[in-house]
Amino acid sequence: VQLQASGGGLVQAGGSLKLSCVASGRRFSGNAMGWFRQAPGKEREFVSAIGWSGVGTHYADSVKGRFTISRDNAKNTVYLEMNGLKPEDTAVYYCAAAPRISSSQPDYGYWGQGTQVTVSS
C-alpha cells in the first residue's frame, strides 16, 4: 500500500482543515487507517484511527470532539476533518495503514509522506 497525504496548510486558530490520504494498492479496504502527527522537537504521536469498515474509530484525548476521521473505500481515501484548530495542533500529519485499528505506531506498516498543518494564534 502506498499512501499520499494532502490538505495541510496555514490556518488561524479556531479554523478548520480537512486532510485526505489516498491509498494505492489492492488492500486498502482491508486495512485500518490511522493519522499521526509530529510537532517540531517532539515525538510523533497518535491522533486518530478508523477500522476497515469505517464503523470503529479512536481518537487521542487532545483531539476528541474537534477532529473526525472517516473513510471512503470506493475512493481508497481516508479523511481527517479538523475543526477548532489550536496552535498546539501545528505539526506534520501522517497517514498510515495497519491490519487492525490501533493507536500504536509499530502496528502500522505503511506510512505516507506527511502534510504540514500550521495553526497561527
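Side-chain atoms are counted along with the backbone in the values below, which use heavy atoms only and exclude waters and symmetry mates. Count residues from 1 along the sequence.
For the pair N31 (side chain) and A96 (backbone), a donor-acceptor distance under 3.5 Å is absent. One N or O on the side chain of Q113 and one on the backbone of A5 form a donor-acceptor pair closer than 3.5 Å. Of the possible polar contacts, none joining the Y108 side chain to the W35 backbone as a donor-acceptor pair under 3.5 Å is found. Using modelled atom types, no side-chain atom of R100 and backbone atom of D107 make a donor-acceptor pair closer than 3.5 Å. The closest donor-acceptor contact from the side chain of D72 to the backbone of A74 lies under 3.5 Å.
The shortest distance between side-chain heavy atoms of Q116 and L10 does not fall below 4.5 Å. R37 places none of its side-chain heavy atoms less than 4.5 Å from the side chain of V117.
Across every non-hydrogen atom of T90 and P40, the tightest pair is O-CD, 4.4 Å. Of all heavy-atom pairs between T115 and G8, the closest is OG1-N, 3.1 Å. Scanning all heavy atoms of the two residues, the minimum distance from A23 to L3 falls at CB-CD2, 3.5 Å. Minimum heavy-atom separation, S102 to F46: O-CE1, 3.7 Å. The two atoms that bring S121 and P87 nearest to each other are CB-CG, 3.9 Å, heavy atoms only.
Within 6.0 Å of the CD atom in Q2, the count of heavy atoms belonging to other residues, nucleotides or ligands does not exceed 12.
Between C95 atom SG and R71 atom CZ the span is 11.0 Å, to the nearest 0.5 Å. For the atom pair CD1 (I101) and CE (M33), the distance works out to 11.5 Å, reported to the nearest 0.5 Å. The line from CD of Q4 to CG of N76 is 13.5 Å long, rounded to the nearest 0.5 Å.
When the side chain to side chain contact (heavy atoms under 4.5 Å, CB included) test is applied to V11, the partners found at least two apart in sequence or on another chain are L17, L85, V119.
V1 and L19 fall within a single hydrophobic cluster, where Ile, Leu, Val, Met, Phe, Trp and Tyr are joined by side-chain heavy atoms under 4.5 Å apart, directly or via other members. Hydrophobic clustering (side-chain heavy atoms under 4.5 Å, transitive across Ile, Leu, Val, Met, Phe, Trp, Tyr) keeps M82 apart from Y94. A continuous path of ILVMFWY side-chain contacts below 4.5 Å connects Y110 to V47, so both sit in one hydrophobic cluster.
Note: F36 and W111 have tilted aromatic rings, judged against thresholds of 30 and 60 degrees for the angle between ring planes.
Ion pairing between K86 and D89 fails under the 4.0 Å rule for side-chain N and carboxylate O.
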Compile the donor-acceptor pairs under 3.5 Å between side chains in residues 53-60 and protein atoms, sequence neighbours left out, one pair per line.
from : atom 1 : to  : atom 2 : distance (Å)
S53  : OG     : V55 : N      : 3.3
Y59  : OH     : I69 : N      : 2.9

